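To start, the structure itself, in structure tokens.
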Amino acid sequence: MQQTREILTFQFGTYANYVGAHFWNQQEANFVYDREGNIAEEQLPQNDILYREGLNDQKQTTYTPRLLSVDLLGTLRHLPVVGELYGNFLPLTDEQNADELQKTKDSVEQSQMLTPGGLDVRKQPPVELSEYQLDLVKGTVDTERKDYKLADTCSSWADYLYARYHPRSLNVLRGMQRQTDVQVLGTQVAGVELWQSVAFNDDFCDRIRMYAEECDALQGFQMLFDIDDGFSGLATKCLEHLNDEYGRASYVLPLHYPRNISYAQADARTAHSIRVVNSVLSYYHLSEQATMFTPLSTLETIWRNTTLQSRRMPGLHWQPDNLYQSSAILAAYLDTVTMGYRLRNTPESLLRFCERVTPSNRNMTAAGLSLPLGMEQEQDLIDFLDGSNNGSLLTQLTPGCEPGDSHVVQSIVARGIPHSRLKRPVDQAGPQLRMAAYKCESVSQMLLLYYQCAYHGSVTHAASLPLPLNTKLPFPYEIFDAHIAADGFKLLGQAEREKDNRVGSAPALAAVQNSSKLGAHLDTLHGQTHRVQLAKLQSYAQSGFEQEEYDTALDKLLEFRDNYKDDHYL
């Protein structure tokens, strides 16, 4: 019997939880498959890798993400911190009177969920549910016609979360109320201090241990965290703990906000410096602790980015600073690129996935995504690739990183391209017969050949699955332009999708890449440090953080950058 090869996921910070909410929504969407599509079992995700099965107090089977999430007070909105599946939380309507409330208590106690008299009723402050969540409670969500305007109305990731979490998943930082204009946990060292506090550390580490003990073959960890604030300190200390206690592979994705965030008692110039120092300390620790880390952002550049120029992806139009929309793009990347080690009956592992693209201690990588892929309806993949003029096909999601098109080590995953769209049958092939790619018998083989021809001296690993990215609500379907059909392929010519039709799924291509050119990303970060005066950063000075510690991090960052010199590897 094949072992499950479990992975435990961490989300540290508000934006990380925005991305995570979309990611887990995607997993839930994949639980129901279109069998008419004839997708083989081995080409589907193995959900047990990321999910755990359990029983609640009513002996009902539960299936929840193997997840630990940390966020600020106020971000959960209507969600109870203990979850909704295990009888320790009961939603009450405003219309319930005292007699009905007593009946509810008696019912709970009689069902043996609690001993008589053991139920304590505490009324939480009322939180206005988003229209989407209201319909979700009623079971009347309309994914085809109703416009919930989530991009305009979301005030938290909880407003569009569809997945349900385990009681131990959610961790709220007590006493740290979320503010719309200021990051209350501002610095990397503040996060480190919080991790070292007994109040947080003991309980959180116990939750890690409980998850780990439930696993038969724990293979490693996925971690998302906000790098621009103090959650970076929590994340890097957690990673250190995981290495000390469990020694498993870790794939870490530091997330840069799509807009500049503010810090307490800091003007714009000081805020830029704080962001730079947070990044320096985080990169230093990640270079030593993570098996692989891939910085993610929808911004073109970071660190003193005053224009906040966003990336542009053909076929998509999103509000650059919108957390709900931008996080969906990053979640689409994560869901797609990790499919390589989450498919059923796959020999791939998290460790092999990381090691394949991190030669010579180059454990920082870059992200590339194509969503939608850009293929026209009825077009074959062989013709699409032939007409791409040896382009990369990808938009970079690691700010300030352009891996180039030579001597690149990369792992690529394509999804949503049916085998029937690979090429024409021999009797209909015509000009395709003259192409070398016509001999390819799978999507992954054809992509391998394409990159061998387009990328000089590069090493590519490719995987594919026919399952497309699900882009129905609560995914922001509105970001697709009018020239994209409901199935995610481009319409012919200047044709436009009918207004009432929404894009329900889309093909995608995602890659994690490595090359010597990634050193420029580290050079940019180090170049910004010359403008930082640590002694004038009050939030760091008051924490007792020493200049010597900062200088050590800078020196280590330069040593890490040396790994990306051409003569170091080639």
Side-chain angles (χ1 to χ4, degrees), residues 9 11-29 64-65 67 69-85 89 91-94 124-167 169-173 176-181 183-184 224 226 231 255 257-259 261 298 318-332 334-335 470-480 502:
T9 303
Q11 295 164 192
F12 290 97
T14 300
Y15 195 50
N17 280 295
Y18 265 87
V19 176
H22 279 299
F23 177 76
W24 297 113
N25 286 345
Q26 284 292 330
Q27 308 318 303
E28 300 278 338
T64 52
L67 165 71
S69 161
V70 185
D71 210 335
L72 299 170
L73 192 65
T75 55
L76 298 190
R77 300 276 290 155
H78 64 282
L79 293 178
V81 70
V82 292
E84 303 165 281
L85 299 177
F89 173 83
L92 303 176
T93 64
D94 293 337
Q124 294 181 335
V127 175
E128 184 177 354
L129 289 176
S130 67
E131 187 178 9
Y132 172 74
Q133 289 294 336
L134 282 172
D135 282 3
L136 199 59
V137 171
K138 298 174 185 176
T140 59
V141 171
D142 187 346
T143 62
E144 301 296 333
R145 294 176 297 276
K146 194 168 184 179
D147 185 2
Y148 291 94
K149 300 185 184 300
L150 289 170
D152 300 323
T153 61
C154 272
S155 61
S156 169
W157 49 269
D159 289 333
Y160 62 87
L161 180 69
Y162 173 80
R164 303 175 81 180
Y165 292 165
H166 189 273
S169 287
L170 297 174
N171 300 266
V172 175
L173 301 182
M176 294 188 181
Q177 181 73 36
R178 181 190 180 190
Q179 300 180 28
T180 57
D181 56 344
Q183 176 51 263
V184 296
L224 296 87
D226 298 354
F231 285 103
L255 307 173
Y257 270 83
R259 59 192 186 206
I261 58 175
T298 52
W318 69 89
Q319 302 172 44
D321 64 347
N322 189 281
L323 300 185
Y324 161 71
Q325 290 184 338
S326 64
S327 61
I329 296 168
L330 301 186
L334 177 63
D335 184 42
N470 190 304
T471 56
K472 295 180 181 178
L473 272 169
F475 189 91
Y477 59 85
E478 71 276 2
I479 65 178
F480 291 94
R502 297 177 177 178

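Computed from heavy atoms alone, side chains included, the values below leave out hydrogens, waters and symmetry copies. Index from 1, following the sequence. Values in this document were obtained by computation on a predicted structure and should not be read as measured data.
- Summarising the geometry of Pro474 relative to Tyr162, their closest heavy-atom pair is CG-CB, 4.5 Å, with the distance given to 0.1 Å.
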Any chance you could lay out the side-chain contact (heavy atoms from CB on, under 4.5 Å) test for His22 and Ile329, step after step, and finish with the verdict?
CA-CA 9 Å; His22 279 299; Ile329 296 168; over 6 Å; no
What's the verdict on side-chain contact (heavy atoms from CB on, under 4.5 Å) for Leu73 and Met176, showing C-alpha distance, side-chain angles and the deciding distance?
CA-CA 6 Å; Leu73 192 65; Met176 294 188 181; 5.7 Å; no
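- Proximity of a side-chain donor or acceptor of Asp159 to a complementary backbone N or O of Ser156 within less than 3.5 Å is detected.
- The side chain to side chain contact (heavy atoms under 4.5 Å, CB included) check on Glu478 picks up Ala151, Tyr324, Gln325, Pro476, with sequence neighbours excluded.
- In terms of heavy atoms, Trp157 sits closest to Asn17 at NE1-CB, 3.3 Å.
- Two residues are said to be in side-chain contact when any heavy atoms from C-beta on lie closer than 4.5 Å; Leu330 and Leu224 fail this criterion.
- Atoms OG and OH, on Ser130 and Tyr148 in that order, are 9.5 Å from each other to the nearest 0.5 Å.
- In this structure, Gln26 and Asn470 have side chains that are in contact, with non-hydrogen atoms separated by less than 4.5 Å.
- In this structure, Ala158 and Thr75 approach most closely via the heavy-atom pair CB-O, 3.9 Å.
- In terms of heavy-atom proximity, Pro258 sits nearest to Tyr15 at CD-CZ, 3.6 Å.
- The shortest heavy-atom contact between Leu473 and Lys146 is CD1-O, 4.1 Å.
- Looking at Asp226, its side chain does come within 3.5 Å of a backbone N or O of Thr14 through a donor-acceptor pair.
- Atom-to-atom distance recorded for Leu76:CG and Arg178:CZ is 10.5 Å, nearest 0.5 angstrom.
- Within a 6.0 Å radius of OH in Tyr132, other residues, nucleotides and ligands contribute more than 12 heavy atoms.
- Taking the side chain as every heavy atom from C-beta outward, Gln183 and Leu72 approach each other to under 4.5 Å.
- Tyr160 and Cys154 make their closest contact through CD2-SG, 3.6 Å (heavy atoms, listed as atom of the first residue, atom of the second, distance).
- Between Leu173 atom CG and Asn171 atom CG the span is 8.0 Å, to the nearest 0.5 Å.
- Under the 4.5 Å side-chain criterion, counting only non-hydrogen atoms from C-beta, Leu79 is not in contact with Gln133.
- For Asp71, there are no salt bridge (Lys or Arg N to Asp or Glu O under 4.0 Å) partners two or more places apart in sequence or in a different chain.
- No donor-acceptor distance shorter than 3.5 angstrom exists from the side chain of Thr143 to the backbone of Lys472, with no hydrogens or angles considered.
- Under a 3.5 Å cut-off, the side chain of Arg502 and the backbone N or O of Arg145 do form a donor-acceptor pair.
- Side chains of Trp24 and Gln11: a donor-acceptor N/O pair is present below 3.5 angstrom, by distance only.
- Within the 3.5 Å criterion, the main-chain N or O of Asn322 finds no donor-acceptor partner in the side chain of Arg259.
- Checking Tyr18 against Ser326 by side-chain atom types alone, no donor-acceptor pair falls below 3.5 Å.
- Applying the salt bridge (Lys or Arg N to Asp or Glu O under 4.0 Å) rule to Lys149 yields the partners Asp147; only residues at least two apart in sequence or on another chain are considered.
- Distance alone, capped at 3.5 Å, is enough to place a donor-acceptor pair between the Ser169 side chain and the Leu67 backbone.
- Looking only at side-chain heavy atoms (C-beta outward), Tyr165 and Thr64 stay at 4.5 Å or farther from each other.
- Here the side chain of Asn25 pairs no donor or acceptor atom with the backbone of Leu161 at under 3.5 angstrom.
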